[in-house]
Amino acid sequence: GQQLNQSPQSMFIQEGEDVSMNCTSSSIFNTWLWYKQDPGEGPVLLIALYKAGELTSNGRLTAQFGITRKDSFLNISASIPSDVGIYFCAGQKFSTSGTYKYIFGTGTRLKVLA
Amino acid sequence: DGGITQSPKYLFRKEGQNVTLSCEQNLNHDAMYWYRQDPGQGLRLIYYSQIVNDFQKGDIAEGYSVSREKKESFPLTVTSAQKNPTAFYLCASSIDPRRTKSSGANVLTFGAGSRLTVL
């Protein structure tokens with residue numbers, strides 16, 4: 001099945017550093033979603049983006065919906081140890097048949113070194 | 001509080017046995033989904049249902065079956081035909097974005113997951 005291109009695949013960073021990750025696709029999406037997953041748990045929504053060009057913040061997190069509607073990025077500022085986990089992007093779009101679907105990125109595994 | 005409840009959290013199965021994973025939501029969401037996650041991997045769609053009494057195969061439906069008899073419930077059965085069932089299974093739900101103009105509708109909410117291990 002289709003998956004979004006998410007990069008980087010993994011990151012090791014020092015506490016206090018800023019983090020940036022992105023997702024790209026050849027398809028246009030109506031909505032971009034960013035999730036964080038802790039080990040052994042379900043993904044939790046961090047930020048939802050609904051309009052091309054939209055820039056939204058949630059605490060130390062900032063995400064943007066690309067102008068072309070084919071990409072999105074997530075920034076984490078001043079990382080802390082509890083930021084460790086897997087970050088997933090997801091795009092939502094309507095199909096030609098009128099149904100809708102969510103496509104997920106392959107995930108970015110973040111490890112923060114104290 | 002509204003949410004999605006998956007049970008059991010951990011399940012062990014002998015080869016050749018069918019097992020059923022439960023997923024219940026009280027969010028009044030229209031659509032429900034099952035995903036499989038293998039270690040270090042992303043999410044792969046098994047089945048989804050956008051309306052009661054109807055469901056569609058996802059990317060990896062072979063060896064799995066589902067039912068959607070009630071809006072709140074979407075159980076997944078892992079059959080003996082599934083060759084490599086050991087994985088982490090995630091259930092999710094969403095409002096049908098076609099029903100509402102609210103931009104907040106286009107969000108997937110996940111359960112806490114169920115880990116299945118085949119012995």
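Every chain is numbered from 1, with letters handed out A, B, ... down the list of sequences. Predicted model only: the values in this text are computed from it and were never measured.
Side-chain contact between A:Tyr102 and B:Val107 is absent, with no heavy-atom pair separated by less than 4.5 Å.
Going from atom CG of B:Asp59 over to atom CD1 of A:Ile103 covers 7.5 Å, rounded to the nearest 0.5 Å. Interatomic distance, A:Phe104 CZ to B:Gln37 CD, rounded to the nearest 0.5 Å: 10.0 Å. To the nearest 0.5 Å, atoms CD (B:Gln56) and NZ (A:Lys101) are separated by 10.5 Å.
For chain A, the nearby part of B:Leu90 is the side chain; its heavy atoms alone come within less than 4.5 Å. Neither the backbone nor the side chain of A:Gln6 comes within contact range of chain B, judged by heavy atoms closer than 4.5 Å. When heavy atoms are compared at a cutoff of 4.5 Å, A:Glu41 approaches chain B by way of both its backbone and its side chain.
Under a cut-off of 6.0 angstrom, the local environment of CZ in A:Phe94 is crowded, with over 12 non-hydrogen atoms contributed by other residues, nucleotides or ligands. Within 6.0 Å of the NZ atom in B:Lys9, the count of heavy atoms belonging to other residues, nucleotides or ligands exceeds 12. Residue A:Ile67 qualifies as open at atom CD1: its count of foreign heavy atoms under 6.0 Å is 12 or below. Heavy atoms of other residues, nucleotides or ligands lying less than 6.0 angstrom from CD1 of B:Ile51 number 12 at most. With a 6.0 Å radius and a threshold of 12 heavy atoms from other residues, nucleotides or ligands, A:Gln14 has its CD atom above the threshold. Within 6.0 Å of CD on A:Glu17 lie more than 12 heavy atoms contributed by other residues, nucleotides or ligands.
Linking ILVMFWY side-chain heavy atoms closer than 4.5 Å, directly or via other members, places A:Leu4 and B:Tyr35 in two distinct hydrophobic clusters. The cluster map of Ile, Leu, Val, Met, Phe, Trp and Tyr, joined by side-chain heavy atoms under 4.5 Å apart, puts B:Leu76 and B:Leu45 in different clusters.
Of the listed residues (A:Ala90, A:Pro43, A:Gly40, A:Ser10), the one with the most heavy-atom contacts under 4.5 Å to chain B is A:Pro43. The candidate from B:Ala112, B:Gly113, B:Gly58 with the greatest count of non-hydrogen atom pairs under 4.5 Å with chain A is B:Ala112.
Nearest heavy atoms, B:Ile95 versus A:Tyr100: O-OH, 4.2 Å.
Between B:Phe110 and A:Tyr35, the ring center distance clears the sub-6.0 Å criterion.
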